[in-house]
Amino acid sequence: MNSQSVISTQYAGEGLKFSSGGAGVFAASFSPDVPSAPNAACPTGPNNTADYSATTKIGVSASNICNIWVTITSTSGATTMKAFDVSGNPIGPTVRSSGSAPGRPGVTERLHINACDIKEVRLSGVNYCFDDVSIRR
């Protein structure tokens with residue numbers, strides 16, 4: 001992975017910032033197994049190495065955001081998504097994907113949280129990547 005494949009503040013103009021165990025998340029080529037091929041985003045660990053089980057934080061700087069959607073790729077393990085307010089308090093429901101498992105192929109799952117004033121979302125799981133983050137008031 002090179003520094004150009006790390007995503008952190010490239011979507012700040014759209015109100016999103018990404019972080020995980022390293023400087024951001026990395027763009028991984030999984031085409032055609034991702035909703036918006038050719039890349040999905042996956043968590044990083046120390047020194048920006050791939051760490052598919054690190055927690056990903058999606059910072060939301062836009063105001064009055066009440067909905068966020070994240071697509072979990074079909075090859076991901078079970079993944080949990082939680083939303084937090086500006087003080088770091090959990091808000092809204094915790095949502096989970098089913099994930100793939102040996103002998104049970106996964107499906108692409110679109111996770112959604114509806115809770116107002118979302119300032120951060122955390123993704124955690126085992127062997128996960130994501131795509132198509134969307135926010136709306």
Participant: Heavy-atom distance under 4.5 Å between the side chains of Leu111 and Ser97, does that happen here?
Facilitator: yes

Participant: Using side-chain contact (heavy atoms from CB on, under 4.5 Å), reason through Ile113 and Val95 one step at a time and then give a plain yes or no.
Facilitator: CA-CA 7 Å; Ile113 293 178; Val95 294; 3.9 Å; yes

Participant: Using the test side chain to side chain donor-acceptor pair (under 3.5 Å), find all partners of Thr56 that sit at least two apart in sequence or belong to another chain.
Facilitator: Tyr128

Participant: In the single-linkage hydrophobic clustering (I, L, V, M, F, W, Y; side-chain heavy atoms under 4.5 Å), do Phe84 and Leu123 co-cluster?
Facilitator: no

Participant: Indicate the atoms forming the closest heavy-atom contact of Gly24 with Ser8, along with that distance.
Facilitator: CA-CB, 4.2 Å

Participant: If you define the side chain from C-beta out and look only at heavy atoms, does anything of Val121 sit under 4.5 Å from Met81?
Facilitator: yes

Participant: What is the ring orientation for Trp69 with His112, classed by angle as parallel under 30°, tilted 30 to 60°, or perpendicular over 60°?
Facilitator: parallel

Participant: In Å, rounded to the nearest 0.5 Å, how long is the span from CD of Glu120 to CG of Asn89?
Facilitator: 11.5 Å

Participant: Measure the shortest side-chain to side-chain distance between Val70 and Asp132 over non-hydrogen atoms and say whether it is less than 4.5 angstrom.
Facilitator: no

Participant: Which heavy atom of Val25 sits nearest to which heavy atom of Pro43, and what is that distance?
Facilitator: CG1-CA, 4.3 Å

Participant: Taking all atoms of both residues into account, what is the closest heavy-atom pair of Ala27 and Ile7, and its distance?
Facilitator: CB-CD1, 4.0 Å

Participant: Determine, stepwise, if the pair Ile118 / Ile91 fulfils side-chain contact (heavy atoms from CB on, under 4.5 Å).
Facilitator: CA-CA 8 Å; Ile118 297 170; Ile91 56 174; 4.0 Å; yes

Participant: Using side-chain heavy atoms (C-beta onward) and a distance below 4.5 Å, is Thr71 in contact with Thr108?
Facilitator: yes

Participant: Which residues pass the side chain to side chain donor-acceptor pair (under 3.5 Å) test with Ser134, sequence neighbours left out?
Facilitator: Arg110

Participant: Does any non-hydrogen side-chain atom of Ser98 lie less than 4.5 Å from one of Glu109?
Facilitator: yes

Participant: Which heavy atom in Ser63 sits nearest to a heavy atom in Lys119, and how many Å separate them?
Facilitator: CA-NZ, 4.1 Å

Participant: Any chance you could measure Thr55, atom OG1, to Lys82, atom NZ, to the nearest 0.5 Å?
Facilitator: 9.0 Å

Participant: Going by heavy atoms in the side chains, are Phe18 and Phe130 under 4.5 Å from each other?
Facilitator: yes

Participant: Using only atom types and a distance under 3.5 Å, with no angle test, would you say the side chain of Gln10 pairs donor to acceptor with the backbone of Val6?
Facilitator: yes

Participant: Let me see the working for Asn67 and Ile135 under side-chain contact (heavy atoms from CB on, under 4.5 Å), right down to the final yes or no.
Facilitator: CA-CA 6 Å; Asn67 290 280; Ile135 56 176; over 6 Å; no

Participant: Would Asp51 and Thr44 satisfy side-chain contact (heavy atoms from CB on, under 4.5 Å), going step by step from the backbone distance to the final call?
Facilitator: CA-CA 5 Å; Asp51 183 348; Thr44 59; 5.8 Å; no

Participant: Answer with yes or no whether the hydrophobic clustering places Ile65 together with Tyr11; edges join I, L, V, M, F, W, Y residues whose side-chain heavy atoms lie under 4.5 Å apart.
Facilitator: yes

Participant: Are the side chain of Thr79 and the backbone N or O of Gly77 linked by a donor-acceptor pair below 3.5 Å?
Facilitator: yes

Participant: Taking the side chain from Asn64 and the backbone from Arg137, do they hold a donor-acceptor pair closer than 3.5 Å?
Facilitator: no

Participant: Do you know which two heavy atoms are closest between Ser76 and Ile72, and how far apart they sit?
Facilitator: CB-CG2, 3.5 Å

Participant: Tell me if the CG atom of Asn47 is crowded by more than 12 foreign heavy atoms within 6.0 Å.
Facilitator: no

